[in-house]
Structures are given as C-alpha cells and as structure tokens.
Amino acid sequence: MPSATSKPRTLYDKVFDDHIVNEQDDGTCLLYIDRHLVHEVTSPQAFEGLKNANRGVRRPDCTLVTVDHNIPTSSRKNFKNAAEFIKENDSRLQCTTLEENVKDFGLTYFGMDDKRQGIVHVIGPEQGFTLPGTTVVCGDSHTSTHGAFGALAFGIGTSEVEHVLATQTLLTRRSKNMRVQVDGQLPAGVTSKDVVLHIIGVIGTAGGTGSVIEFCGSVIRGLSMEARMSMCNMSIEGGARAGMIAPDQITFDYLKGRPLAPKFGSAEWNKAVNYWSTLKSDADAKYDVEVFLDGKDIIPTISWGTSPQDVVPINGVVPGPDDFEDEDRKASCKRALEYMGLVAGTPMTEIPVDKVFIGSCTNSRIEDLRAAAKVVKGRKIAANIKHAMIVPGSGLIKQQAEAEGLDKIFTDAGFDWREAGCSMCLGMNPDILDPKERCASTSNRNFEGRQGAQGRTHLMSPAMAAIAAIVGKLADVREHVSSSPVLAKVQPTVEIQPEVDSPQTEDELERVLDVPVDNEPHTNTSAASGGAGLPKFTTLKGIAAPLERANVDTDAIIPKQFLKTIKRTGLGTALFYELRFHPDGTENTDFILNQGIYRNSKILVVTGPNFGCGSSREHAPWALLDFGIKCIIAPSFADIFFNNTFKNGMLPIVVSDKVALEKIADEARAGREVEVDLVNQEVKDAQGNTIVAFDVEAFRKHCLINGLDDIGLTLQVESKIRTFEAKRTLDTPWLDGSAYLRRGIRGATKIEAVPVPKTNRGEVKNEPLQW
C-alpha cells in the first residue's frame, strides 16, 4: 500500500501513513491494526468491556491468542487442562477466563496442550503472523519485538486492547523519528544483546521517549532475524514507542514456508515481496534524533543496577554515585547499589550469582539456545548455583532443540529444561527469585522486584548467562570459550516439510481446532454510536502528594504479583506496594502516601523525570485511580503510561519548568490543596492563584471534559474503516485471515503448525560460527 506522496520518508513514516483511516485537524489519527496478539494478563477486562457493551471482535481472523505470563513451565506430561494444572488461584483464573473468552468470541488460540503455544512475541514471527509493513499491537510493551520485520509494533493498554478488538483501529498520534546507526565490525563474542544494552546505556531509559527508533547500519544488516528481534524487543527499554529494522532478503528468507505467511512462490508471495522491498527509509529522509555508533567500541555488556540503562562492559567495575553528574542519576545509583547489595569499584567479574535464567521474549529462540549450548557443552554448572534454567520460547522451539540434542547438553550440565512460557522474566508464575538472590538473566528488565520480591537481576546475553552458570559468577565469555557462541549472524535453518501430521482423534482435533464459530459479521452493528463511558474531568482540587523520585517504573507503581486479576478495580491497596510496606507487611511510615493527609491524595507531584517507564500494563493507572489519584504532575512521562492514563479519565500534566514544578511541590510538601483546572489548562494554589499553565492535546482535552468513550467515537466513522478494509483486501490480500483460516463444518478455525526441522535427536547442527 505505498503512498503516492513524494516527500522523503522514513520507514516508520511509510508504514504509519499506509494505515491511516482518518486524521483530525489536531493530528490525532485513527490507525488501522493488521495484527493483534492477545494473552491472559491484559485482556480479561477488555473482553468484559466488549460483553458489557454487546460488542463483538471485529476481525477474529487478524487476532492470535496464547497464554504465557502466568503459566507454570514445569513438565506437562500429565497435563489435562489449565484448570487442573495451574495451582495458583489467580493465575488459573486468568488463564481459564481467557479460554472462555476465546470460545465466546471465536478466536484462534494456542493453549497449553498445543505445541505452538509460547511467548506471544515468539509465536507471532514463528508462525508468519508477523509480516513486514504491518501494524502489530499487543497488551504488552515488548510488542516492539516485531519491528524486526519492518512492522510498526508497539504495546498498548487494556482499554486499547478493547478498542482494537471492537474496531481493529487505534487512536494515536505520530511519533518522532529516531535513528540509531551501528556501523563497522563487532568484536569477538559480541552479540545483538550486547549491542542493544550498549545502546540503552548511551541514550538512557528515556532517550527514545516520544520516538520510534530505526536501527540501521552495517552491523544491523549483518544480524539474523532472531538477533534483530532481540534488538527491537529492548527498544522499549530505551523509552521508545517502538523499534524497527528495514526488511531485506534475510527477512524474506525467514518468512519462506511459515504457515501464516503468503505461500512461497505464489503470485501473492511475489506481490508481497515487491511491496516489502519498498519498506526502507528514503536516502534523504529526516530524523528528529540521530545516534551513530561504531561496532568496534562494543564488548560484552552487562547490567549492574535496577534500570536497563545501568550497564557496563563485563571488564568494567560497579560505578558509584560520584561517577554521575546528574543529581537524579546520583540518587538512583545510591539506591540501586543498596538494593543490589553491591559496592562501587567492585569488578563485575567478581560478583557471584545464585541463579541463572536463559529465556524470555528477548532471548529464548533456537539461535539463543544453540549459543548457550556451545558454551555449556561438556561442562557442569558451578556448585554455588542454586538453580539454572533454560526456558524455550515456544513448544516448537523446545521440540526443535530436543531434535538437535540441546536439551541433553543442558541437562547433563545440570540445567533445568523447562516448558515454554515467560517464566522467570517476571515474577507472575512459580519461577521466581527468593529475596536477595542474584540472577544472571537473559530477560529485558532489571527493575526492583522484577524477578521476585527483593530479587537482584543482571541482564546479559545467553552466552554470558551460560558462562556465569559454569563459573558461578559474572564472567567474560571470551575468556572461557575457544569457539564462538555468537548470536549475531547465524540464520537458523528450517527445513520445510510439505505436510504436517493431521489430527487422528476427536480429542486431538479439539486441541488443534481452535474453537467455535466466528462472530460474523465483523462489524459492531449492535454497539452504540457514541456515548459517555467515563466521569467528566473539568477541575480537580485536593491534597497533592510529593514524590521525590526519578524513573518510577510500572513495577514500582504496582508489582507484577498484583496483576493477576480479571477486574480493573481493587488495586489501590497494591499501589507502590514495595515502597509503602516493609517485607513483613507493616507500613513504611517514611513513604509519603502513608503519612497523614497524604493518605487521601488526589494529585501526585513527581519531581523526577520519566514517570511510568516500563510495562504497557494498564494496571498502573488503575492502581493510582483506585487509590484516589486522578492527576499526576511530572517533568516527563513514559509514552505508554501517559497514553493509558487518558484512557481511564485521568490527567497527566507535563511541567518541564523546574521552578514551576518546585512551586507545586512546595504546596504539596506544605500539605496545602492544589487545584487543576483542565478547562483553562492551569495549576493553581489553594487560594486560586495560577502557579503554571500547561499544555494538553485538544482531542484528549475534549474527551476528558465530556467523558467520552474512545470506542463510541471511533464507531462514528465506521464507514471509513470499512472503506479502508476493502482497499486493504485489494492491495494486500495476504493480510486477510481468510487466506489462511480454513472453516470447518463446525465453524472451527484451523491453522497448520509450523514444520519442525528434519534433524535426528542427539545431532547438534554444525552451524557456521562467527567469532
């Protein structure tokens, strides 16, 4: 769907422009969504909203559902059903609720008894559901992974999940363009995970705020698709809305034979490749921000603190507060050292670890497992390692790894070989750290408590995590192996089989065929054309609580153990839980929201930047709102959190003027009321004197003041959505699910599984090594 405009455009501009259904005068765009991935954590409230409004799912054919966050990764040999297998009540409820919803709405679902089940950002590319030039969303911030295919992929909140399910569109605005170019040659042993950690260390966790990052340069072009996915996966950790890499022959080769991609060699495939080949930035396209790096300057990189920007080379030392000039970074460093139990100046290679985790949507693909296996082969984990676990990203990856004998290499070394799932990446399932345990992890976040309350996380590549398990402490893989465990350039080979086994029994058929009838027609004809679904927000006057912190992440706002709910309410008691309460459950009287009048705060005044960084989970604003806080004032916000607050009738106010922000904070510190006047866009003191004027987008202001429902507003232009879909079918027919969904007589949906390599168990493929 190339646009006819002649203005030089970036890759992001091209994909965004090709998906505009409607654009308002203030720049608010209604963007069509090609691919929607759904999992159990951020969807139950969305489906509940659909049912309450008597709305259907507009495009079941463009929606793919799986379970990953909550599920145990223990053996499924005796698996019968999720209700019996999952022991934790709240986790079980989320998973069974999802199963009920996919049946009620006729959606394609990969459950725990399906070998195609896996981490949502692994199965999309694996199945060919993710394609170049598409828009891809999911209620998960690491949706940015799919940008490796030249897709515009980003995380959304639960209100937006509901919006996409109902309308197949999203209300959004254009992001800034940011280019990160890495040229030259990577030194020995450096992988894509090292590259992206290095980048985040350079730009910081807010460096990409308001932007979509395009990764380019000779180093990026030399990466395999799996390595590119690791790069784009962590673009969100640099504050970006999304990360993208232009598709090329490496991309096309990866997609050949994938079950949900156009059939290789067909006219549709050729048409698709012709379009995909246009998806690259024009030579004279302009970027708002540019970062240029030389590959030779990057060596194996590892995190030391509690933010992905807290990184150093493996041959470096733990920094101290005096190593930073910025006062916020000094304070963050001091707190991080205390939390991590580290002393400034300690060489990174002298830090012992307790546990090792190789997995997550960042590094759980077959290439990652092969890299780790090359380090581990013939060795044993160190005696001080309490637990080392390998968690494949999907059942198909697990099957392929076992066919290559990788599982035997790991288990012989003392690793635990698990089933597919998010596992220890986040503490929402049984795979967690105990308090103060230190973990060498291939995951994407090292926030406080991310892998378990008081757990200490060091981020690194699979090869680095593998050698940490063998040595018993953080180590430089280059000093311990003689051949490369590199992730950088090897493209996993998949030998496509012409046929896959068909189900032989009714039970097998039920597991492979997804569920009941499709909800035709795919339009929400029964839904109201408009409406007021939120309380109106005009003025707010109340006690404001001062929060003297920077980079407050969503795990701090509400720890992940409280996300296992199917409701939007009742989360106020979990707000800032690990700051409000001591480990024994008693209140921390030093925390502001536990003090006197601040227990009833309606406004939060944050003095540090980048509030709400981290996850796309909407539970963070839900928790604030349930506590009673309807307005947050801060110097800056993370993009997704900022957007999520508006969806819940809340007002985030950016006050970048330090003097003005201090005046508001002084009112809060004095315990005086603050008034927020949205109509006049002013923050006032208790006497009505204006402290500062603030900006707010016209459309968002209109919605807040009138309490308008986004879905109702969108359905007012339903005819434009239909027109867009009709043109989309003509231009890119491979994006319509009818091209790959076979309707049986029972109306069930069948998607063939991706073929498994023809490799005998015990054989490790001799892939070419890049060191």
Side-chain angles (χ1 to χ4, degrees), residues 1-5 12-36 46-47 49-63 105 133-137 139 152 154 156-175 241 519-534 536 643-644 646-649 696-732 735-737:
M1 295 181 289
S3 172
T5 181
Y12 164 68
D13 293 333
K14 291 180 179 182
V15 178
F16 189 96
D17 290 347
D18 288 349
H19 289 82
I20 296 175
V21 175
N22 187 52
E23 184 168 5
Q24 300 179 30
D25 291 340
D26 72 343
T28 300
C29 295
L30 187 63
L31 204 69
Y32 196 83
I33 303 302
D34 296 314
R35 296 287 183 258
H36 189 190
F47 285 115
L50 291 181
K51 291 177 179 178
N52 290 342
N54 194 28
R55 289 168 173 152
V57 173
R58 184 182 184 91
R59 295 296 298 265
D61 61 320
C62 298
T63 309
F105 290 95
T134 54
T135 48
V136 182
V137 298
L152 174 55
F154 52 91
I156 57 177
T158 298
S159 294
E160 292 179 311
V161 170
E162 182 181 350
H163 194 281
V164 176
L165 289 171
T167 72
Q168 206 58 33
T169 64
L170 270 182
L171 287 163
T172 189
R173 296 174 67 88
R174 286 181 174 83
S175 298
R241 187 74 168 114
N519 292 325
E520 298 284 357
H522 301 316
T523 55
N524 295 283
T525 51
S526 62
S529 61
L534 296 169
K536 296 179 180 181
N643 191 50
N644 283 342
F646 284 105
K647 302 298 180 185
N648 288 278
V696 62
E697 294 167 8
F699 178 71
R700 283 174 161 165
K701 177 180 177 179
H702 174 74
C703 290
L704 282 176
I705 289 176
N706 294 283
L708 296 177
D709 168 28
D710 278 358
I711 296 177
L713 286 171
T714 296
L715 291 175
Q716 292 177 2
V717 295
E718 203 271 342
S719 61
K720 290 188 176 181
I721 300 175
R722 283 201 312 270
T723 300
F724 182 94
E725 287 175 327
K727 185 175 186 302
R728 173 182 180 268
T729 296
L730 291 174
D731 292 341
T732 56
L735 296 182
D736 286 339

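Numbers here simply count residues along the sequence, with the first being 1.
Applying the salt bridge (Lys or Arg N to Asp or Glu O under 4.0 Å) test to pairs two or more places apart or on separate chains, those with a residue in residues 166-175 are D17-R174, E23-R174, D26-R173, R173-E697.
Contact check for F646 versus C703: no side-chain heavy atoms found under the 4.5 Å cut-off.
Once rounded to the nearest 0.5 Å, the distance linking OG1 of T172 with CG of L31 reads 6.5 Å. In this structure, the separation between CD1 on I721 and CD on Q168 is 9.5 Å, given to the nearest 0.5 Å. Distance check: I33 CD1 to T169 OG1 gives 7.5 Å after rounding to the nearest 0.5 Å. Rounding to the nearest 0.5 angstrom, the gap separating the CZ atom in R35 from the OG1 atom in T134 is 6.5 Å. Once rounded to the nearest 0.5 Å, the distance linking CG of L152 with CZ of F16 reads 7.5 Å. Taking OH from Y32 and CG from L735, the interatomic distance works out to 9.0 Å, rounded to the nearest 0.5 Å.
Across all their heavy atoms, V161 and A46 have their closest contact at CG1-CB, 3.7 Å. Pairing each heavy atom of A166 with each of R55, the nearest pair is CB-CD, 4.3 Å. Annotation for H36 and I156: closest pair NE2-CD1, 4.4 Å, computed over non-hydrogen atoms.
Applying the side-chain hydrogen bond (donor to acceptor under 3.5 Å, both in side chains) rule to T729 yields the partners D736; only residues at least two apart in sequence or on another chain are considered. Residues meeting the side-chain hydrogen bond (donor to acceptor under 3.5 Å, both in side chains) test with K51, sequence neighbours left out: N101, D104. D710 meets the salt bridge (charged side-chain N to carboxylate O under 4.0 Å, His left out) test with K647; sequence neighbours excluded. Scored by the ring pair (Phe, Tyr, Trp, His ring centres under 6.0 Å) test, F699 finds no partners at all (sequence neighbours excluded). Looking at residues two or more places apart in sequence or on another chain, you find a side-chain hydrogen bond (donor to acceptor under 3.5 Å, both in side chains) between H163 and T167, T714. With sequence neighbours left out, the side-chain hydrogen bond (donor to acceptor under 3.5 Å, both in side chains) criterion links N643 to E160, R700. Partners of E162 by salt bridge (charged side-chain N to carboxylate O under 4.0 Å, His left out), not counting sequence neighbours, listed by chain and number: R568.
At least one donor-acceptor pair closer than 3.5 Å links the side chain of D709 to the backbone N or O of I711.
Few gaps surround CG on N52; more than 12 heavy atoms of other groups in view lie less than 6.0 Å from it.
Of the candidates K720, R728, R722, F724 forms a side-chain contact (heavy atoms from CB on, under 4.5 Å) with just one, namely R728.
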